[in-house]
Amino acid sequence: MEDMDTKIIYFTVNGRPEQAEFPVDCPAQDLKDLFRCAAEAGPHDILKLYNPKGNIINISPSLEPNSPTCCYKLEVVAADYNSEPLGISAEAQCWEGAELADTLGFDLLSMEKRLQGLEKKILIEGGDTPAVVYEMKKQVDSFREKLESVEHLSWLGLFKDLSEGTHKPSPFYHKRALRKTREECEHVREKFIQMSSLELSEEVRQYLKTPTFDNWQWEDAEIMVLLQLMYTDLDLLSTFNMEPEVLQQFLFEVYRRYNNIPFHNFKHCFCVTQMMYGLIWLTDLRSQMDSTDLLIMLTSAVCHDLDHTGYNNAYQINARTELALRYNDISPLENHHCAVAFEILEKTECNIFRNVSLEQYKRIREGIIKCILATDMSRHNEILNKFKSLLPSFDFSNKDHRDVLMMILIKVSDISNEARPMEVAEPWLDCLLQEFYNQSDVEKLEGLPVTPFMDRDKVTKPSSQTGFIRFVLLPLFIELANLFPCLEHHIIDPVRKALDYYTEMEKALDRAKSSLSSADTQTTPGPETPKTEAK
């Protein structure tokens with residue numbers, strides 16, 4: 001609720017309703033960062049805010065408070081990677097485009113289409129094809145060959161489709177999820193089965209319950225053993241009459257259905273599940289929630305990113321992928337993760353719920369779907385605001401209250417890396433940025449809108465984190481700690497330290513850029529200063 005010291009501003013971004021709450025004495029730059037975060041804009045993108053009359057207004061703490069029925073409109077002005085269609089009069093421009101393609105990785109498919117349009121227009125007008133067009137075609141073919149051999153495209157997950165004849169018009173590159181090989185899966189499966197009966201030390205068992213756990217020290221087969229231990233330690237096998245071999249087969253199928261991509265992989269699945277498991281113990285949820293809720297939360301975490309492609313929902317929708325079409329642009333990835341989870345559970349040998357009653361199964365299925373769909377960050381404010389409204393009178397005996405808490409817990413677990421020690425968290429950020437850069441590179445190649453916070457030309461490691469921690473992580477974690485004060489030390493203090501760390505890193509980068517810019521200015525010869533010959 002707004003008080004005398006805070007303001008609430010209601011606005012829309014791409015038709016999506018948002019609200020910003022900030023202190024009246026908030027620095028202007030912090031407020032702009034808040035709006036930038038809401039718009040998922042990069043540090044160099046231009047933001048425009050319009051009032052209900054359509055006039056551009058300044059983003060500042062002096063903004064007039066409004067209501068949800070009288071919203072401001074926020075727009076992002078980003079770089080445009082598409083140029084105007086080419087005609088015969090644009091032959092020179094066409095040639096320059098080829099040079100640009102050779103150096104910057106211009107959209108090859110778009111270039112080819114423009115060439116075809118140019119040739120068609122010449123044919124219609126009955127003229128001879130100019131020599132420059134033939135040269136242009138050679139240039140495009142040369143670029144095509146170079147593109148295939150560029151080393152960094154290997155981690156983009158791109159490959160040439162040679163299955164179609166050369167006369168069929170088809171996209172030059174297709175994306176593929178980097179699926180695990182059968183040999184890789186069988187090797188891990190054998191190791192898992194061999195280790196599954198081993199007893200883990202009490203030291204490891206206790207360490208597994210803490211947010212300081214280091215996932216990088218464990219192999220995939222060992223990770224499956226640790227996941228099995230979580231189910232056992234929470235008494236879920238005995239409570240739900242799970243056979244150990246069925247749980248093992250379920251965990252193996254889950255492992256198999258996570259792809260070899262930089263971030264949203266099986267190790268990420270484990271980290272999210274391990275944080276969920278740790279939160280259950282740290283907050284003593286076993287005394288507040290029943291075993292079915294615990295089973296829902298743990299299994300949701302295990303399954304929450306199944307068969308992730310490495311390309312987010314914005315890409316799915318803009319590229320009109322099969323998932324976006326199937327789910328009508330509504331949380332396509334999260335719906336897919338749910339579908340894959342229950343596809344695995346449909347197999348009798350993997351169905352860890354096969355011995356529960358029909359009523360129990362319905363409750364479990366409903367809960368898992370709710371939790372996984374809650375991980376769509378486009379619903380972040382909706383879920384957080386619902387939780388905040390319940391906090392003053394939160395009631396563990398109320399199912400609706402527990403359902404919202406479970407959604408908050410999986411959201412916290414999903415984005416909890418910065419609550420871990422820096423030596424664990426920072427490599428995860430590198431993985432995430434690699435996946436982000438992958439997507440924005442592909443968006444540029446395909447001529448799609450480029451997601452600002454993923455653009456390698458605009459985003460740095462610290463700039464990607466400072467706004468996210470300040471406006472997404474901390475507000476979420478603080479509200480959870482309002483219900484469970486014991487979490488202040490475990491997850492909020494480390495996140496504040498991470499914010500300080502990346503803020504200092506960002507300042508250092510800015511100082512380095514300023515120094516470099518100053519040095520360039522000093523060494524650049526003036527209009528009457530002769531250039532010094534390089535030795």
Problem - Note: D395-R402 ion pair, threshold 4.0 Å (strictly below) - result: no
Problem - Candidates R257, R179, H337 - the one meeting side-chain hydrogen bond (donor to acceptor under 3.5 Å, both in side chains) with D307 - result: R179
Problem - Over 12 non-hydrogen atoms of neighbours within 6.0 angstrom of NZ in K386 - result: no
Practice task
For the pair F263 and H268, name the ring-plane relationship: parallel under 30°, tilted 30 to 60°, perpendicular over 60°.
Solution key: tilted
Practice task
Check whether any side-chain heavy atom of N66 sits under 4.5 Å from a side-chain heavy atom of I9, and report yes or no.
Solution key: yes
Problem - D430: salt bridge (Lys or Arg N to Asp or Glu O under 4.0 Å) partners, not counting sequence neighbours - result: K461
Exercise for the section: Classify the angle between the aromatic ring planes of F387 and F394 as parallel (below 30°), tilted (30 to 60°) or perpendicular (above 60°). Expected result: perpendicular
Exercise for the section: Assess the side chains of Q360 and R365: does a donor N or O sit below 3.5 Å from an acceptor N or O? Expected result: no
Completion exercise
To the nearest 0.5 Å, atom CG of L405 lies from atom CD of Q288 at 9.5 Å
Exercise for the section: Measure up the F453 and F436 rings against each other and bin them: parallel (under 30°), tilted (30 to 60°), perpendicular (over 60°). Expected result: perpendicular
Exercise for the section: Kindly indicate, with the supporting measurements, whether the criterion side chain to side chain contact (heavy atoms under 4.5 Å, CB included) is fulfilled by L429 and S464. Expected result: CA-CA 9 Å; L429 178 55; S464 73; 3.9 Å; yes
Handout entry: E219/K191 salt bridge by N-O under 4.0 Å criterion
Key = yes
Problem - Residues R363, E366: salt bridge by 4.0 Å N-O rule - result: no
Exercise for the section: Side-chain contact test, heavy atoms from C-beta onward, threshold under 4.5 Å: evaluate it for K180 versus N259 and give yes or no. Expected result: no
Problem - Any donor-acceptor N or O pair under 3.5 Å, side chains S238, D235 - result: no
Practice task
Decide, yes or no, whether a salt bridge links R16 with E18 under the criterion of side-chain N to carboxylate O below 4.0 Å.
Solution key: yes
Practice task
Establish, from distance only, whether the side-chain atoms of W281 and D233 form a donor-acceptor pair under 3.5 Å.
Solution key: no
Exercise for the section: Identify the two heavy atoms, one from P494 and one from A419, that lie closest to each other, and give their separation to 0.1 Å. Expected result: CB-O, 3.4 Å
Practice task
Determine the interplanar angle of the Y255 and F266 rings, folded into 0 to 90°, and report it as parallel if under 30°, tilted if 30 to 60°, perpendicular if over 60°.
Solution key: perpendicular
Practice task
Using modelled atom types only, decide if a donor and an acceptor are shared between the side chain of S331 and the backbone of E334 within a distance under 3.5 Å.
Solution key: no
Exercise for the section: Would you please say whether a donor-acceptor pair under 3.5 Å links the side chains of S463 and T460? Expected result: yes
Practice task
Scan side-chain atoms only and decide if N438 and E435 contain a donor-acceptor pair under the 3.5 Å cut-off.
Solution key: no
Practice task
Answer yes if the side chains of D414 and H304 hold a donor-acceptor pair under 3.5 Å, and no otherwise.
Solution key: yes
Handout entry: Presence of salt bridge, K73 and E75, under 4.0 angstrom
Key = yes
Exercise for the section: Look only at the side chain of N265 and the backbone of P262, and say whether a donor-acceptor pair between them is shorter than 3.5 Å. Expected result: yes
Problem - Donor-acceptor under 3.5 Å (E21 side chain, T6 main chain) - result: no
Problem - Closest heavy-atom pair and its distance - F250, C350 - result: CB-O, 3.4 Å
Exercise for the section: Could you walk me through whether E322 and L325 pass the side chain to side chain contact (heavy atoms under 4.5 Å, CB included) test, one step at a time? Expected result: CA-CA 5 Å; E322 181 186 342; L325 294 174; 5.8 Å; no
Handout entry: Donor-acceptor contact present, side-chain S440 to main-chain T451, <3.5 Å
Key = no
Problem - Trace of the side chain to side chain contact (heavy atoms under 4.5 Å, CB included) decision for Y231 with L295 - result: CA-CA 8 Å; Y231 277 85; L295 177 64; 3.9 Å; yes
Problem - E202 atom CD: more than 12 heavy-atom contacts under 6.0 Å - result: yes
Practice task
Would you confirm whether the ring centroid of Y277 sits within less than 6.0 angstrom of the ring centroid of F270?
Solution key: no
Practice task
Report the C-alpha distance between Q316 and R326 in whole Å, list the side-chain angles of each, state the deciding distance to 0.1 Å, and finish with yes or no for side chain to side chain donor-acceptor pair (under 3.5 Å).
Solution key: CA-CA 11 Å; Q316 304 294 330; R326 181 182 303 159; over 6 Å; no
Completion exercise
Heavy-atom closest pair (P421 atom, T212 atom, distance to 0.1 Å) is CD-CA, 3.7 Å
Problem - Min side-chain heavy-atom separation P452-D455 under 4.5 Å - result: no
Exercise for the section: Would you please say whether a donor-acceptor pair under 3.5 Å links the side chains of E446 and Y315? Expected result: yes
Handout entry: Salt-bridge criterion met for D293 and K399 (N-O under 4.0 Å)
Key = no
Problem - Donor-acceptor contact below 3.5 Å, side chain E418 vs main chain I469 - result: no
Practice task
State, without any angle test, whether R420 and Q274 hold a side-chain donor-acceptor pair at a distance under 3.5 Å.
Solution key: yes
Problem - Whether S416 side chain and S413 backbone form a donor-acceptor pair below 3.5 Å - result: yes
Practice task
Determine whether P61 and K7 make a side-chain contact, defined as any pair of heavy atoms from C-beta on separated by less than 4.5 Å.
Solution key: no
Exercise for the section: For the residue pair L298 and M230, establish whether any side-chain heavy-atom pair is separated by less than 4.5 Å. Expected result: yes
Problem - Other residues, nucleotides, ligands: >12 heavy atoms within 6.0 Å of N14 CG - result: no
